[in-house]
Amino acid sequence: MTESNLAERPPEADYRHIVRLQGVQKFFGAVQALRDIDFSVGRNEIVGLIGDNGAGKSTLIKVLTGVLSPSSGRIFVRDQELDLTDYSVRMAHDLSIETVYQDKSLAEKQPLWRNFFVGRQITNRFGFIDIRRQKQIADQILKHAIGFRGVGITVDSTVANLSGGERQGIAIGRAMHYKADLIVLDEPTVALAVAEVRKVLDFVRRIKASGRACIYIEHNLAHVHEVADRLVVIDRGAIVAEVSPKDMSVTELTEYLIDLQHEP
Ligand SMILES: Nc1ncnc2c1ncn2[C@@H]1O[C@H](COP(=O)(O)OP(=O)(O)O)[C@@H](O)[C@H]1O
Ligand SMILES: [Mg+2]
């Protein structure tokens, strides 16, 4: 990617939903992983996606981000219907949809600044990679997008020296820097210590504050309840409830999910 691509894009036309699925089904052979899914994310909305293991959460976001194609149904991005015959991860990227995976998205032994520019090198007017500029931008991401100030982390730190929460921060900061309008987080706090989880929740708040939207998949109900604008519950491939955290306490939500598991 050249420097000019990193500059502000022209403002997007007005839209209501950054993404919307309509009547989406997904089969893996005979297994139906998604059933008639209607799901949308508004501008600058943080949607918590919750449900038991195997409920279909990851499949839903994979369909939405072009990793898997749906067996049937329609997908809209910024209210425009996509032609699903050529929807792909690459196209989702081009549409400013970024997914942050639990791990593996960062190169362990590389300094942080290199991690921000993997596959998206900034070149100078001679076509050479502009290291100084990349480091400057990486420094801005660290300090401004994700608030790593005075914690002893610099653009030259290696990923291997970061805590789990900090790694999530780097991945989220990278997505924010690339002007993602929707950032998808699939269980970012798995295997993190409590203090690290706090950091991730703070990153989610930063996504909100920066005007972006987020889909936050989280098994810990208290955590997702704390930061989501809306919670969507998926059970055995179907969306069974949508609630506002204001209207349902964490305890009520927990009981509701336990009850679901006892339904036939
Ligand atoms: N690539 C795949 N091939 C076959 N079955 C799959 C595949 N991915 C997911 N599944 C099945 O689809 C269902 C939903 O899985 P998943 O979306 O990963 O659930 P969750 O993320 O909510 O735990 C499960 O029954 C799972 O076994
Ligand atoms: Mg999953």
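Order of appearance sets the numbers: ligands from 1, and atoms from 1 within every ligand. These figures come from a predicted structure and were not determined experimentally. One is the number of the first residue; the rest follow in order along the sequence.
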* Is the Mg ion (ligand 2) less than 2.8 Å from an N/O/S atom of S58, whether that atom is in the backbone or a side chain? ->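 Within the cut-off used here (under 2.8 Å), S58 does place an N, O or S atom near the Mg ion (ligand 2).
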* To do: Tell me whether V159 is reachable from I170 by hopping between hydrophobic residues (I, L, V, M, F, W, Y) whose side-chain heavy atoms are closer than 4.5 Å.
  =>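 Same cluster: I170 reaches V159 through Ile, Leu, Val, Met, Phe, Trp or Tyr contacts under 4.5 Å.
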* Asked: Are L95 and F76 connected, step by step, through hydrophobic side chains (Ile, Leu, Val, Met, Phe, Trp, Tyr) whose heavy atoms are closer than 4.5 Å?
  ->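 Per the 4.5 Å side-chain linkage, L95 and F76 are not co-clustered.
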* Does ligand 1 have an atom under 4.0 Å from some heavy atom of I234? ->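 Per 4.0 Å heavy-atom rule, I234 does not contact ligand 1.
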* Work out whether the distance between some heavy atom of G54 and some atom of ligand 1 is less than 4.0 Å. =>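 The answer is yes, since G54 has a heavy atom less than 4.0 Å from ligand 1.
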* Protein heavy atom under 4.0 Å of atom 13 (C) of ligand 1 ->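 Given the 4.0 Å cut-off, atom 13 (C) of ligand 1 counts as touching protein heavy atoms.
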* Does the protein place any heavy atom closer than 4.0 Å to atom 3 (N) of ligand 1? ->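 Within 4.0 Å of atom 3 (N) of ligand 1, protein heavy atoms are found.
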* Kindly confirm or rule out an N or O of T59 lying under 3.5 angstrom from an N or O of ligand 1. =>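 Yes, there is a polar N/O contact under 3.5 Å.
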* Asked: Looking only at distance, does A55 have an N or O less than 3.5 Å from an N or O of ligand 1?
  ->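 N/O-N/O distance below 3.5 Å exists for this pair.
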So which protein heavy atom does [atom] come closest to, and at what separation?
{"atom": "atom 18 (O) of ligand 1", "value": "S58 CB, 3.8 Å"}
{"atom": "atom 19 (O) of ligand 1", "value": "G56 N, 3.2 Å"}
{"atom": "atom 1 (N) of ligand 1", "value": "F28 CE2, 3.6 Å"}

* To do: Find all atoms of ligand 1 within a distance of less than 4.0 Å from any non-hydrogen atom belonging to N53, and give their numbers and elements.
  =>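 Close to N53: 23 (O).
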* **Per-atom contacts, ligand 1 versus D52 - under 4.0 Å to a heavy atom** =>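 Numbered from 1, ligand 1 contributes 22 (O).
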* To do: Compare all side-chain heavy atoms of R230 with those of S40 and state whether any distance is below 4.5 angstrom.
  =>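 Side chain of R230 against side chain of S40, heavy atoms only: contact under 4.5 Å found.
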Are any of the side-chain nitrogens in [X] or [Y] under 4.0 Å away from the carboxylate oxygens of its partner?
{"X": "D202", "Y": "R198", "value": "no"}
{"X": "K135", "Y": "D156", "value": "yes"}
{"X": "E108", "Y": "R167", "value": "yes"}
{"X": "R205", "Y": "E226", "value": "yes"}

* Do we see a donor-acceptor contact under 3.5 Å between the side chains of S210 and R212? ->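 Result is yes, a qualifying pair exists.
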